[in-house]
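Step one of this worksheet: look at the structure below.
The chain is numbered in sequence order, starting from 1.
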Amino acid sequence: MPILAQQSIRQGQCSCCGNHTYTSTGTAVLADQSEALYIARWTENGPRHGMAFLIVLPGSEAFVSVFYKFEVESFMVVSEADYDWKLEKGQRVFAREEVIATPLAARVFAFLDEIWLHDPAVFSFHSKH
């Protein structure tokens, strides 16, 4: 399925390594035509920093934050304190415990699969590492 309205931008420099930080945003669509908005963030030449994903499903009262670690080749749902997305007042990230082992987790990971495989900027970065 397609990634709709995908956009990737360079967003400045990483404070610890000086490499450029990139953000990709878009809408992921599943085979059932359901959609989720997402933000993906990573540091150029910095796979040790991993990749962060913020996903929101329409009608959901919070975001889901997921982190990918290249060293263990694994996605992990993280709580708001684990990654600073600098959200606006009133916005929140689901706690890890609110997502794991729920139907929401299955939906989020289905969207992550689409983003991982079909967002050109995300695919380009992770396929190199």
Side-chain angles (χ1 to χ4, degrees):
M1 294 306 306
I3 296 292
L4 304 175
Q6 183 272 340
Q7 176 183 353
S8 179
I9 58 170
R10 187 166 72 182
Q11 253 199 323
Q13 292 182 304
C14 176
S15 61
C16 74
C17 69
N19 287 315
H20 292 289
T21 299
Y22 288 85
T23 298
S24 185
T25 60
T27 303
V29 182
L30 298 180
D32 67 3
Q33 300 304 308
S34 59
E35 298 181 2
L37 303 175
Y38 71 91
I39 300 170
R41 188 175 295 153
W42 65 94
T43 300
E44 177 183 59
N45 300 320
R48 75 179 190 279
H49 293 309
M51 292 183 87
F53 296 86
L54 189 65
I55 298 173
V56 63
L57 299 152
S60 188
E61 73 272 11
F63 299 98
V64 178
S65 183
V66 179
F67 199 77
Y68 181 82
K69 288 189 172 197
F70 285 90
E71 304 87 39
V72 292
E73 298 180 352
S74 179
F75 288 98
M76 177 176 55
V77 174
V78 296
S79 296
E80 192 164 357
D82 299 318
Y83 191 88
D84 185 8
W85 284 102
K86 299 183 183 350
L87 297 176
E88 307 230 347
K89 187 174 181 168
Q91 295 178 325
R92 76 176 189 95
V93 170
F94 280 112
R96 179 177 162 75
E97 300 76 32
E98 293 177 281
V99 178
I100 298 301
T102 70
L104 176 59
R107 299 292 293 164
V108 166
F109 281 94
F111 283 113
L112 277 170
D113 283 345
E114 290 301 312
I115 297 163
W116 193 252
L117 296 173
H118 301 290
D119 179 301
V122 169
F123 184 82
S124 176
F125 181 74
H126 79 72
S127 65
K128 294 176 191 172
H129 305 287

**Asked** Should Ser74 and Lys69 be marked as a side chain to side chain contact (heavy atoms under 4.5 Å, CB included) after you check the CA-CA gap, both sets of side-chain angles, and the distance that decides it?
**Response** CA-CA 6 Å; Ser74 179; Lys69 288 189 172 197; 5.6 Å; no
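- When hydrophobic clusters are built by joining Ile, Leu, Val, Met, Phe, Trp and Tyr residues whose side-chain heavy atoms come closer than 4.5 Å, directly or via intermediates, Val99 is grouped together with Ile55.
- Residues Thr43 and Cys17 are in side-chain contact: their nearest non-hydrogen atoms beyond the backbone lie under 4.5 Å apart.
- Using a 4.5 Å heavy-atom threshold, the side chains of Leu57 and Val108 count as touching.
- In this structure, the separation between CZ on Phe67 and CG on Leu54 is 13.0 Å, given to the nearest 0.5 Å.
- Annotation for Leu30 and Phe111: closest pair CG-CE2, 3.4 Å, computed over non-hydrogen atoms.
- If you chain together hydrophobic residues whose side chains sit under 4.5 Å apart, Val64 and Phe75 fall into the same group.
- Between Val93 and Tyr83 there is no side-chain heavy-atom pair separated by less than 4.5 Å.
- Glu61 CD: more than 12 foreign heavy atoms inside a 6.0 Å radius.
- Contact record, Val78 with Val66: CG2-N, 4.3 Å, taken as the closest heavy-atom pair.
- The heavy-atom pair separating Ala105 from Ile100 by the smallest distance is CB-CA, 4.5 Å.
- Under the 4.5 Å side-chain heavy-atom criterion for ILVMFWY residues, a single connected hydrophobic cluster contains both Ile115 and Leu104.
- Contact of the Trp85 side chain with the Glu80 side chain is not registered, since no non-hydrogen atoms from C-beta on lie closer than 4.5 Å.
- Scanning all heavy atoms of the two residues, the minimum distance from Glu114 to Ala28 falls at CB-CB, 4.4 Å.
- Between atom CZ of residue Arg92 and atom OG of residue Ser79 there is a gap of 10.0 Å, rounded to the nearest 0.5 Å.
- Between Trp42 and Tyr22, the angle of the ring planes stays under 30°, which puts this pair in the parallel group of the 30/60° scheme.
- Looking at every heavy atom in both residues, Cys16 comes nearest to His49 through SG-CE1, 3.0 Å.
- Taking the six-membered ring where the residue is Trp, Phe70 and Trp116 present tilted rings, their angle falling between 30° and 60°.
- Formation of a donor-acceptor pair under 3.5 Å by the Glu35 side chain with backbone atoms of Val29 is not found in this model.
- Looking at heavy atoms from C-beta onward, Val122 lies in side-chain contact with His126 at the 4.5 angstrom threshold.
- Summarising the geometry, atom SG belonging to Cys14 is positioned 11.0 Å from atom CD belonging to Glu44; distances are rounded to the nearest 0.5 Å.
- Tyr38 and Val56 end up in different hydrophobic clusters when Ile, Leu, Val, Met, Phe, Trp and Tyr side chains are linked at under 4.5 Å.
- Annotation: side chain of Leu112 is not in contact with side chain of Tyr68 (no heavy-atom distance under 4.5 Å).
- Counting heavy atoms from C-beta outward, Ser60 and Phe94 have side chains that approach closer than 4.5 Å.
- Linking ILVMFWY residues whenever their side-chain heavy atoms come closer than 4.5 Å, directly or via other members, leaves Phe53 and Ile9 in distinct clusters.
- No side-chain heavy atom of Arg41 sits less than 4.5 Å from a side-chain heavy atom of Met51.
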